[in-house]
Amino acid sequence: MSFVNFPFWLVVTGILSLVALLYALQHLKAQPVILRVASVQLWQEALQHASANKFWQRFRHWLGFLLAVLIALLLWLAISGIRFSDSTKPLHIFYLDTSVAMQAGDNMAEAKAELVAKLPSSSSANRELWIGDAVPARILSADSSNAVLAASLNTIQASSHLSAFTDWLERVPTLYAGKSVVVHYFGSAINDLAAPNGIALQKDFIPEPVSVNAGITAIGQQRFMVKNEQVSRVTFTLLSTSDQPFQPNDVSVSINDRPVDVSRIVALPDNQFAISDIPLTEQPQRVTVAVNNTDDFAADNAATLILPAKSQIFVALQRGLPDWVTHFVDANPQLTVDPERASVSICINRDDTCPASGTTLFADDTSNKVTFYTPVSAEQSRLQKIWRANYGDAPADNMPSVQVLNAEKKSVSMPLTHLGNLIANQQAEPLLLLSMTINWLIDLPVVPAYLAVGELPPMPEGEGLAGDIAIKPFPLTATQTGANGTIAIASLQSPAVSLQVVTADESSDTGESDIDADFPWLTIIILIALGLLVVEWLLIQRGHWA
Amino acid sequence: MAGDAVHPLIDAELIEQVQQFSLRIALAGKGGRLAEQKTSAKGQGLEFADYKPYVAGDELRAIDWHIYRRLGRLFVRVFEEQQNLPVYILLDHSASLFCETPSRFSAAQRCALALGAIALQQQDAVRVFPFADKLNNHFKALSGKHQLFTLAEQLQHHQPVNDSDITAALTEFAGYPLRKGLVIVISDYFNNSGMSAVLDALSLVQHNKLLIQLTQPWDADPRHLQASGDVRFEDAESEVTVDLQLSPAVIKAYTEAYQHFNQQLSQYASDTGTGLLQLDASGAILAQLSALFEKGMVA
């Protein structure tokens with residue numbers, strides 16, 4: 001016996017509290033009506049002859065109390081999610097993976113058919129069914145009938161997310177501590193996957209490898225200025241199991257569902273393509289890229305990218321700034337000098353003349369370092385990654401090094417004099433650095449130059465993304481090696497799905513603890529409680545059956 | 001004269017209405033004053049009864065000289081002597097008669113006064129014996145219409161007494177050497193020893209008897225109590241309580257017990273030719289007394 005919804009101590013505490021409460025309430029019960037009569041002699045005779053004088057009637061108040069306690073305890077146990085199962089037998093967990101690889105061919109339908117066929121082989125009292133979505137969830141628990149389990153599978157489809165089976169499998173010993181567990185896996189997990197100690201893993205269904213596939217493996221965009229206009233360049237990479245090179249007319253591109261002329265698609269080496277000079281607008285735009293062919297695996301045939309909206313940032317400038325900074329702000333259509341509405345101040349000195357605003361960028365020429373102050377420790381990894389991506393190749397004596405320090409408030413200090421010298425030597429990186437720094441200060445999402453499908457997008461501050469995840473190379477684990485050595489890659493459709501996967505990883509504990517109560521037991525217990533309630537009302541309170 | 005004042009117990013309308021009734025018994029006891037009741041005594045009176053041979057000491061005016069002329073022997077005429085009827089009113093003033101509204105004792109007072117008024121009207125002797133735990137014989141007999149106020153006074157001032165014993169009172173009364181008359185027992189007849197003991201005590205009373213049983217509507221039908229669920233009945237005269245659930249089964253059992261209780265009293269009245277009136281204390285007294293006289297329940 002175990003409890004799904006509450007810990008054992010809470011259940012016991014609840015039981016004791018209920019009994020004490022009901023006992024106290026006994027003293028609040030209605031007092032009998034007192035009638036003074038000429039003689040009680042005849043009432044005494046009536047009691048001697050009436051069936052109301054049965055033995056149990058003398059204890060009807062205590063019987064009522066016991067029934068009330070029983071009813072309350074039954075309801076409390078039902079709320080607590082009491083479960084009855086035979087702990088001596090192993091628990092069979094059927095895991096149906098709905099990750100992206102299951103979209104290939106009839107993988108999902110075949111997996112479900114195999115699962116339905118396997119279900120009757122285990123006892124309903126020691127069986128669970130998990131759906132391997134981005135957040136694995138137990139949709140039906142023990143004591144569910146085969147018919148109910150089979151019917152519940154009808155609406156389940158594969159979706160575009162990475163398989164969470166590996167992480168879930170690692171947590172099984174924690175979830176089912178002390179239990180003997182057999183995991184029946186239905187999906188396209190990696191072949192050499194090993195189960196944790198004490199857990200038996202049976203791969204009851206492994207789909208056939210994908211033989212023919214062509215798809216989009218990466219897509220991204222870069223925003224820059226062209227003639228005082230904010231534009232974006234979108235690039236994407238195609239991959240095929242055949243060695244045939246792709247041409248621009250092999251793909252269809254649309255922006256907000258308006259087709260893009262194929263002449264704007266430029267082929268780059270290694271099956272990379274680019275669409276340049278897409279003007280940014282006041283609203284975000286959706287770029288959709290689709291491969292114009294059919295294959296065994298449809299999930300990677302289309303990808304969607306959201307272009308950021310045109311941004312406008314109000315800045316305040318302190319007197320004495322280098323001329324290149326002033327010229328940069330005046331020439332940048334994204335930036336507008338407005339001390340009243342400024343969200344970023346750029347100052348040469350940390351004194352009272354520095355305009356007060358939300359965040360501040362200071363000049364610091366004491367060292368050749370750009371220092372980011374941030375209250376979010378996770379920013380450190382991300383900033384360093386962005387720095388390496390943009391300035392990693394720059395000579396050390398040209399570009400300043402970066403450091404990230406914890407602070408209560410966001411701010412940046414950088415050697416403006418040194419950067420001005422670089423600009424004087426016809427280098428453009430300091431301007432890009434200044435632009436990205438201002439965007440970072442006001443929390444505008446900075447889209448990296450190139451975003452692989454499935455790669456982490458930059459996370460806004462405060463979403464609690466762990467640093468080790470941010471710098472971890474994002475694996476495209478949904479790959480399969482075919483019999484002839486060809487590799488099928490299961491990619492993700494958009495950065496939004498990537499975000500969902502990350503969120504799933506962070507909140508997997510919550511998903512796994514959100515377990516349905518045992519439906520049959522809950523129903524039975526509530527019905528028994530209601531029945532007892534009626535019995536108490538009829539037998540004890542009303543005396544109709546006396 | 002005290003009778004000139006209006007007594008709070010005296011309901012003039014009731015007294016006037018009951019004047020039309022009269023109390024008669026078959027044969028009153030000898031030894032009373034001349035009145036309207038037939039007795040076994042022969043002597044002074046208006047109605048001729050018989051002849052008997054003259055003996056020394058007989059009234060010379062009673063000699064029938066016509067018979068002497070025809071037979072040559074002296075016979076005297078004998079007349080039925082009509083004397084007054086002794087009416088003994090045994091009034092129960094136990095606490096059980098006071099605990100309800102309207103109280104049974106109030107009805108008992110009015111009933112006793114009405115019956116007493118009838119007796120006084122016909123020159124009978126009325127004597128009140130209040131009783132509860134014991135019999136009270138302090139009151140003297142009253143006679144004559146002018147004693148109505150005194151009778152009301154004797155009926156009025158009685159306090160409720162716990163632990164009443166009607167059997168002891170009847171037994172004590174039966175032992176009194178009283179002239180045979182009419183005994184009116186006004187009570188609820190509830191007795192801890194049961195109805196059988198009451199009937200045994202009644203059998204000891206060698207008088208003509210009229211039993212007035214004071215009832216309330218809820219005696220026969222507990223639904224008039226307007227109570228349900230758990231009820232605690234408290235005895236008016238003792239500390240005894242009965243806790244029960246007023247279920248249909250219990251009500252049925254009580255109704256059967258009450259019917260048996262009444263049946264015992266009715267059977268006794270029927271077997272002994274005793275008058276019995278079940279007087280609803282919550283109802284009109286006069287109408288119920290009228291029924292008593294119309295049915296001829298007075299022996």
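Letters A, B, ... mirror the listed sequences (proteins, then strands); counts begin at 1. What you see below is based on every heavy atom in this structure, not just the backbone, and it leaves out hydrogens, waters and symmetry mates.
When all heavy atoms of B/Asp235 and A/Val40 are compared, the closest pair comes out as OD2-N, 3.0 Å. Nearest heavy-atom pair, A/Leu42 versus B/Ala257, reported as atom, atom and distance to 0.1 Å: CD2-O, 4.0 Å. B/Asn191 approaches A/Gln41 most closely through the heavy-atom pair O-OE1, 2.7 Å. The two residues A/Ala38 and B/Glu100 come nearest to each other via the heavy atoms N-OE2, 3.9 Å.
For B/Leu246, the part lying under 4.5 angstrom from a heavy atom of chain A is the side chain only. With a 4.5 Å cut-off on non-hydrogen atoms, B/Phe261 touches chain A through its side chain but not through its backbone.
Within 6.0 Å of the CG atom in B/Asn136, the count of heavy atoms belonging to other residues, nucleotides or ligands exceeds 12. For A/Tyr23, the OH atom is loosely surrounded, since the number of other residues' heavy atoms within 6.0 Å does not exceed 12.
Note that CZ of B/Arg232 is 11.5 Å distant from CG of A/Leu35, once rounded to the nearest 0.5 Å. With values rounded to the nearest 0.5 angstrom, B/Thr241 atom OG1 is found 14.0 Å from A/Trp43 atom CH2.
Looking only at distances, no side-chain donor or acceptor of A/Arg36 sits under 3.5 Å from a matching main-chain atom of B/Glu234.
Contact count versus chain A (heavy atoms, under 4.5 Å) is highest, among B/Tyr258, B/Tyr254, B/Phe190, for B/Tyr254.
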